[in-house]
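For ligands, and for the atoms within them, numbers begin at 1 and follow the listed sequence.
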Amino acid sequence: MADVTPAVDANGARIPLLGLGTWELRGRTCARIVEQALRLGYRHIDTAELYDNEREVGDGLRASGVARDEVFVTTKIWPSHFAPPRLERAAKESLVRLGLSEVDLLLLHWPNPQVPLAETLGALCKVKRAGLARHIGISNFTVALVEEATKLSAEPLVCNQIECHPFLDQTKVVAACRRHGLAVVAYTPLARGRAVRDRVLVEIGRHHGKSAVQVCLRWLAQQDVVVIPRTEKIERLESNAAIFDFALSDDEMARIGALAHRGGRVVNYAYSGAPEWD
Ligand SMILES: NC(=O)c1ccc[n+]([C@@H]2O[C@H](COP(=O)([O-])OP(=O)(O)OC[C@H]3O[C@@H](n4cnc5c(N)ncnc54)[C@H](OP(=O)(O)O)[C@@H]3O)[C@@H](O)[C@H]2O)c1
């Protein structure tokens with residue numbers, strides 16, 4: 001696998017198009033997967049204080065031997081910590097667990113209507129200006145909230161991390177992100193494994209000598225959407241990353257885009273009181 005994956009530019013940030021998701025990866029498994037991914041050429045790791053694995057992500061990063069400044073590390077603040085000064089403390093605690101002096105990207109994990117967004121963004125900007133995060137962004141923000149957040153934030157927001165895969169139509173929120181220069185980072189890009197068996201993805205993959213998973217990730221990356229697939233299997237890391245050596249035709253892109261349907265959302269959770277998507 002190539003040492004450097006392509007990246008997208010967004011409001012001053014350069015975000016590698018391929019990252020490793022780490023939700024549910026714990027303990028030694030997590031540290032080993034992070035280490036191996038980095039050895040194989042991944043340059044972007046996604047974690048969150050919620051995942052209870054920041055320590056292991058940091059361990060894997062150091063064990064990999066890859067220089068700190070070559071890796072893009074994202075973590076996220078949980079909404080119950082959005083009121084300042086709790087937010088600043090949460091950011092510092094994440095850094096201690098990761099064993100890092102700064103993260104590359106710090107996200108608000110879910111909207112929290114119980115805390116005024118202006119206050120939360122004020123605290124997030126302060127954390128950035130204090131040098132604890134190179135860039136800041138949002139996650140699970142609807143179109144209306146993207147509009148509001150971009151107006152309120154004194155520092156540029158560089159991404160909205162949202163559920164994104166062929167089975168879910170995210171056209172509107174993606175357009176809102178693009179309008180404001182935010183990158184779209186696709187979480188659950190494999191629809192938690194559903195992509196593996198999809199007939200259309202399998203068939204298109206056969207044509208390219210690729211798997212359904214690779215076609216699914218390529219479909220997103222080809223639209224400049226950042227993908228962060230998770231696997232706990234070292235043998236899958238390399239194939240999940242082999243998405244930059246082929247291209248889907250316009251017709252194939254459209255066929256995959258037509259897989260979206262109502263009820264395609266995988267993550268139906270919303271932080272208490274956060275606006276529902278559908
Ligand atoms: N911001 C948010 O609110 C939010 C929400 C959800 C997720 N995320 C982030 O997004 C990341 C990815 O999403 P996700 O973990 O929900 O789901 P995902 O990446 O769509 O799917 C992960 C599942 O796919 C399987 N898989 C991976 N590669 C495979 C392959 N080549 N062949 C067959 N199966 C494969 C994995 O199983 P194996 O482990 O057995 O390979 C795992 O069960 C998370 O880890 C997290 O970092 C963020």
A.B. asks: Hydrogens and angles aside, do Glu93 and His81 bring a side-chain donor and acceptor to less than 3.5 Å of each other?
C.D. replies: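 No, because no side-chain N or O of Glu93 sits under 3.5 Å from a partner of the opposite role on His81.
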A.B. asks: Among protein heavy atoms, which sits nearest to atom 47 (O) of ligand 1, and what does the distance come to when rounded to 0.1 Å?
C.D. replies: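 Protein heavy atom at minimum distance: Asp46 OD2, 2.7 Å.
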A.B. asks: Counting non-hydrogen protein atoms only, what is the nearest one to atom 19 (O) of ligand 1? Give residue, atom name and distance.
C.D. replies: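 Closest protein heavy atom to atom 19 (O) of ligand 1: Arg230 N, 3.0 Å.
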A.B. asks: For atom 24 (O) of ligand 1, what's the nearest protein heavy atom and its distance?
C.D. replies: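 Its nearest protein heavy-atom neighbour is Gly193 N, 3.8 Å.
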A.B. asks: What protein heavy atom lies closest to atom 11 (C) of ligand 1? Include the residue and the distance to one decimal.
C.D. replies: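 Of every protein heavy atom, Ile228 O, 3.3 Å lies nearest to atom 11 (C) of ligand 1.
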A.B. asks: Between Leu248 and Val215, does a side chain to side chain contact (heavy atoms under 4.5 Å, CB included) hold up when you go through it step by step?
C.D. replies: CA-CA 8 Å; Leu248 298 167; Val215 169; 4.2 Å; yes
A.B. asks: Checking the N or O distance criterion of under 3.5 Å, is ligand 1 in contact with Leu190?
C.D. replies: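 Yes, there is a polar N/O contact under 3.5 Å.
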A.B. asks: Could you find the nearest protein heavy atom to atom 3 (O) of ligand 1 and give me its residue, atom name and distance?
C.D. replies: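 The closest one turns out to be Asn140 ND2, 2.9 Å.
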A.B. asks: Quick one: look up the protein heavy atom nearest atom 37 (O) of ligand 1 and list residue, atom name and how far away it is.
C.D. replies: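 For atom 37 (O) of ligand 1, the nearest protein heavy atom comes out as Arg236 NH1, 3.7 Å.
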A.B. asks: How does Val266 reach ligand 1, if at all, at less than 4.0 Å between non-hydrogen atoms: by side chain, backbone, both, or neither?
C.D. replies: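 Answer for Val266: neither.
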A.B. asks: Which of the atoms of ligand 1 are close to Gln161, meaning less than 4.0 Å from one of its heavy atoms?
C.D. replies: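 So the answer, numbered in order with elements, is 1 (N), 2 (C), 4 (C), 8 (N), 9 (C), 48 (C).
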A.B. asks: Would you say Leu117 and Glu148 make side-chain contact, with heavy atoms under 4.5 Å?
C.D. replies: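 They are in contact (side-chain heavy atoms under 4.5 Å apart), so the answer is yes.
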A.B. asks: Knowing that exactly one of Asp46, Thr74, Asn140 qualifies, which makes a side chain to side chain donor-acceptor pair (under 3.5 Å) with Gln161?
C.D. replies: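 For Gln161, the side chain to side chain donor-acceptor pair (under 3.5 Å) check succeeds only for Asp46.
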A.B. asks: When you measure from atom 21 (O) of ligand 1 to every protein heavy atom, which one gives the shortest distance, and what is it?
C.D. replies: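 Looking at atom 21 (O) of ligand 1, the protein heavy atom closest to it is Arg192 CA, 3.4 Å.
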A.B. asks: Between Asp104 and Arg68, does any NZ, NE, NH1 or NH2 come within less than 4.0 Å of an OD or OE carboxylate oxygen?
C.D. replies: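 Answer for the salt bridge query: yes.
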A.B. asks: Can you find a heavy atom in the side chain of Ser153 that is under 4.5 Å from one in the side chain of Ile136?
C.D. replies: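 Answer yes - side chains close enough.
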A.B. asks: Of all the non-hydrogen atoms in the protein, which one sits nearest to atom 13 (O) of ligand 1, and at what distance?
C.D. replies: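 Here the nearest protein heavy atom works out to Thr188 N, 3.0 Å.
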A.B. asks: If you measure from CD1 on Ile138 to CG on Leu121, what distance do you get to the nearest 0.5 Å?
C.D. replies: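 Answer for the CD1-CG pair, Ile138 versus Leu121, is 8.0 Å.
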A.B. asks: Assign the ring pair Tyr51 / His109 to parallel, tilted or perpendicular, where the plane angle (0 to 90°) is split at 30° and 60°.
C.D. replies: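 Geometry flag for His109 against Tyr51: perpendicular rings.
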